[in-house]
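As structure tokens, the structure follows; a few thoughts come after it.
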Amino acid sequence: MNTKLSIGVYAYEHTEALFDGRVTVDGVDATFETAPLVSDIFRSTMEGHYDLAEFGLTYFLRTVDLDNAPFLALPILPNRNFRHSAIFVNTAGGIVKPQDLAGRTVGEFALYGHDAGIWPKGILADEYGVTPDQCRWVIGGTNHPIPAFDWVPQPVPDGVDVRHAEDGQTLGAMLESGEIDALISVDVPQAVLDGSPKVARLFPDYESVERDYYRRTGIFPPMHIIAIRRELAHRPGLARAVYDAFTQAKVLAERKYLDDATKQHMSVITPWFSTLFEENRRLLGDDWWPYGVAANRKAIDTFLRYHHEQGLSKRKLTCEDIFVPELLDT
């Protein structure tokens, strides 16, 4: 192919081999770039800086409804996280169970419907009967003020009360003071990190809750995909070459942990890491971070349903609508 591509992706351990050259994209002269904040990559992608790039799932899906939608997705999921742990509450507000969120004022990081917000809001609706229209929403930065992300479409469904925090306000401080009752955020509020008794997680034992969620659903929630410009998406073999390279880099990261189990992960500075690794391996298997459509179809379909139900997509999309056709067999 001898194609030159600019690729934007965060510097994760499972993309490290792409940056240092241990893994290359077959037939492609690829330049990999990163940024201090992954949202900076998203914005650069929207502004046309990259040929392919890591993109939040919701950021990508918001472009699908645009005239001449610019991207298709590759089933490469560089960021995923369980998100029951992303819901925080003011401890004086009387919120002790999920149903107590109804009628409350809730902060949300960055925009109405960020990736780490869509998952918990969907779970709250599915499992506890709390839907977004039952709350009032305040959008902003968790630990630092941020302006509205006006570089991406921001649909808000009818019947949902949404406003942006005032200049200089942070959602974390508003939560600690009781100005808002709860917060859904990819970022952990500084008050929690500092051990403030005024702020806590809605699910104190979130690890057990999240492990139970995985046992019941098989979903390890994906947050991001790799987006490719449509004019490149149908170039024969290109999407496959990129997919294969990202997969190889990810496998190298997984293999390191599998191989290091013999030496009790002595290269890792976290105490008792091997115990955690063994527990995760029993639950998640040896490929705990799968790429491809087949292994992720249920999770992606669930996110697509949530995105539509929360008023962020005009119609309920499917994997066939969003992924490059060449990779639907992965």
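Counting all heavy atoms, side chain and backbone alike, Ala191 lies closest to Val199 at CB-CG2, 4.0 Å. Among all heavy-atom pairs drawn from Leu232 and Leu238, the shortest one is O-CD2, 3.7 Å. Heavy atoms only, all atoms of each residue included: Leu317 and Leu304 are closest at O-CD1, 3.4 Å. Summarising the geometry of Tyr12 relative to Val38, their closest heavy-atom pair is OH-CG2, 4.2 Å, with the distance given to 0.1 Å. Among all heavy-atom pairs drawn from Gly56 and Asp115, the shortest one is CA-OD2, 3.1 Å. Taking each heavy atom of Leu74 and Ala239 in turn, the nearest pair found is CD2-CB, 3.8 Å.
Remark: side-chain polar atoms of Ser274 are paired, donor with acceptor, to backbone N or O of Gln264 under 3.5 angstrom. A side-chain donor-acceptor contact under 3.5 Å links His265 to the backbone of Tyr257. A side-chain donor-acceptor contact under 3.5 Å links Asn90 to the backbone of Ala92. At least one donor-acceptor pair closer than 3.5 Å links the side chain of Trp119 to the backbone N or O of Pro222. In terms of modelled atom types and a separation under 3.5 Å, the side chain of Gln310 and the main chain of Pro132 share no donor-acceptor contact. No donor-acceptor pair closer than 3.5 Å links the side chain of Asp133 to the backbone N or O of Val160. Between the side chain of Asn79 and the backbone N or O of Met223, no donor-acceptor pair lies under 3.5 Å. Side-chain atoms of Glu108 come within 3.5 Å of backbone N or O of His114 as a donor-acceptor pair. Remark: the backbone N or O of Phe277 is not paired with any side-chain donor or acceptor of Asn280 at under 3.5 angstrom. Of the possible polar contacts, one joining the His14 side chain to the Pro78 backbone as a donor-acceptor pair under 3.5 Å is found.
Using a 4.5 Å heavy-atom threshold, the side chains of Glu13 and Lys256 count as separate. Using a 4.5 Å cut-off on side-chain heavy atoms (C-beta onward), Arg229 and Pro70 make contact. Side-chain contact check for Thr15 versus Phe32: every heavy-atom pair is 4.5 Å or farther apart. Side chains of Pro98 and Phe203 form a contact here, defined as non-hydrogen atoms less than 4.5 Å apart. No side-chain heavy atom of His224 sits under 4.5 Å from any side-chain heavy atom of Ile76. By the 4.5 Å heavy-atom criterion applied to side chains, Phe82 and Val209 are not counted as neighbours. Contact of the Leu328 side chain with the Glu320 side chain is registered, since non-hydrogen atoms from C-beta on lie closer than 4.5 Å. At least one side-chain heavy atom of Pro189 sits less than 4.5 Å from a side-chain heavy atom of Leu183.
With sequence neighbours excluded, the residues that form a salt bridge (Lys or Arg N to Asp or Glu O under 4.0 Å) with Arg43 are Glu47. The side chain to side chain contact (heavy atoms under 4.5 Å, CB included) check on Arg240 picks up Asp244, Glu326, Leu327, Asp329, Thr330, with sequence neighbours excluded.
At a threshold of 4.0 Å, the pair Arg315-Asp65 does not count as salt-bridged, since none of the basic side-chain nitrogens sits closer than that to a carboxylate oxygen. Taking a cutoff of 4.0 Å between a charged side-chain nitrogen and a carboxylate oxygen, Arg216 and Asp212 qualify as a salt bridge. Residues Lys298 and Asp301 are not paired through a salt bridge, judged by the lack of any N-O separation under 4.0 Å between the basic side chain and the carboxylate. Taking the charged nitrogens against the carboxylate oxygens, Asp259 and Arg255 have no contact shorter than 4.0 Å, which rules out a salt bridge. Ion pairing between Lys316 and Glu309 fails under the 4.0 Å rule for side-chain N and carboxylate O.
Residues Leu77 and Phe246 fall within the same hydrophobic cluster, defined by Ile, Leu, Val, Met, Phe, Trp and Tyr side chains chained together at heavy-atom separations under 4.5 Å. Val242 and Tyr291 fall within a single hydrophobic cluster, where Ile, Leu, Val, Met, Phe, Trp and Tyr side chains are chained together by heavy-atom contacts under 4.5 Å. Phe88 and Tyr213 sit in two unconnected hydrophobic clusters of ILVMFWY residues. Membership requires side-chain heavy atoms under 4.5 Å apart, directly or through other members. Leu171 and Leu101 end up in different hydrophobic clusters when Ile, Leu, Val, Met, Phe, Trp and Tyr side chains are linked at under 4.5 Å. Connection of Ile184 to Tyr128 is established within a shared hydrophobic cluster, with ILVMFWY side chains joined at heavy-atom distances below 4.5 Å, either directly or through further cluster members.
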* To do: Under the side chain to side chain contact (heavy atoms under 4.5 Å, CB included) rule, what do Leu57 and Ile225 come out as? Steps first, then yes or no, please.
  => CA-CA 6 Å; Leu57 256 172; Ile225 48 80; 4.0 Å; yes
* **Stepwise side chain to side chain contact (heavy atoms under 4.5 Å, CB included) test for Tyr306 and Thr58** => CA-CA 10 Å; Tyr306 288 165; Thr58 186; over 6 Å; no
* Asked: Does the side chain to side chain contact (heavy atoms under 4.5 Å, CB included) test come out yes or no for Gln134 and Leu124, once each step is laid out?
  -> CA-CA 11 Å; Gln134 296 174 11; Leu124 287 169; over 6 Å; no
* To do: Under the side chain to side chain contact (heavy atoms under 4.5 Å, CB included) rule, what do Ile180 and Val106 come out as? Steps first, then yes or no, please.
  => CA-CA 6 Å; Ile180 59 176; Val106 183; over 6 Å; no
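Heavy atoms of other residues, nucleotides or ligands lying less than 6.0 angstrom from CG of Asp194 number more than 12. In Leu37, the CG atom is crowded: over 12 heavy atoms of neighbouring residues, nucleotides or ligands sit closer than 6.0 Å.
Aromatic pair Phe71/Phe55: ring centres closer than 6.0 Å.
Each of Trp151, Tyr50, Tyr59 was compared with Phe42 under the ring pair (Phe, Tyr, Trp, His ring centres under 6.0 Å) criterion, and only Tyr59 meets it. Across Thr247, Leu18, Val251, a single residue satisfies side-chain contact (heavy atoms from CB on, under 4.5 Å) together with Val23, and that is Leu18. Partner Phe220 forms a ring pair (Phe, Tyr, Trp, His ring centres under 6.0 Å) with one of Tyr214, Trp289, Trp288 and no other, that one being Trp289.
If you take CD on Glu33 and CD1 on Ile7, they are separated by 10.0 Å, rounding to the nearest 0.5 Å. Here CG of Leu252 is found 9.5 Å from CD of Glu16. Values are rounded to the nearest 0.5 Å. Atom CD1 in Ile95 sits 5.0 Å away from atom CG in Asp181 (nearest 0.5 Å). The CG atom of Leu202 sits 8.5 Å away from the CG atom of Asp100 when rounded to the nearest 0.5 Å. Taken from CZ in Arg211 to OH in Tyr206, the straight-line distance is 11.0 Å, to the nearest 0.5 Å. Rounded to the nearest 0.5 Å, atoms CZ (Phe109) and OG1 (Thr170) are 11.5 Å apart.
When only modelled atom types and interatomic distance are considered, Glu210 and His84 share no side-chain donor-acceptor pair under 3.5 Å. Ser6 and Asp51 are linked by a side-chain donor-acceptor pair at a separation below 3.5 angstrom, with hydrogens and angles left out of the test. Between the side chains of Thr275 and Glu278, no donor-acceptor pair of N or O atoms lies under 3.5 Å.
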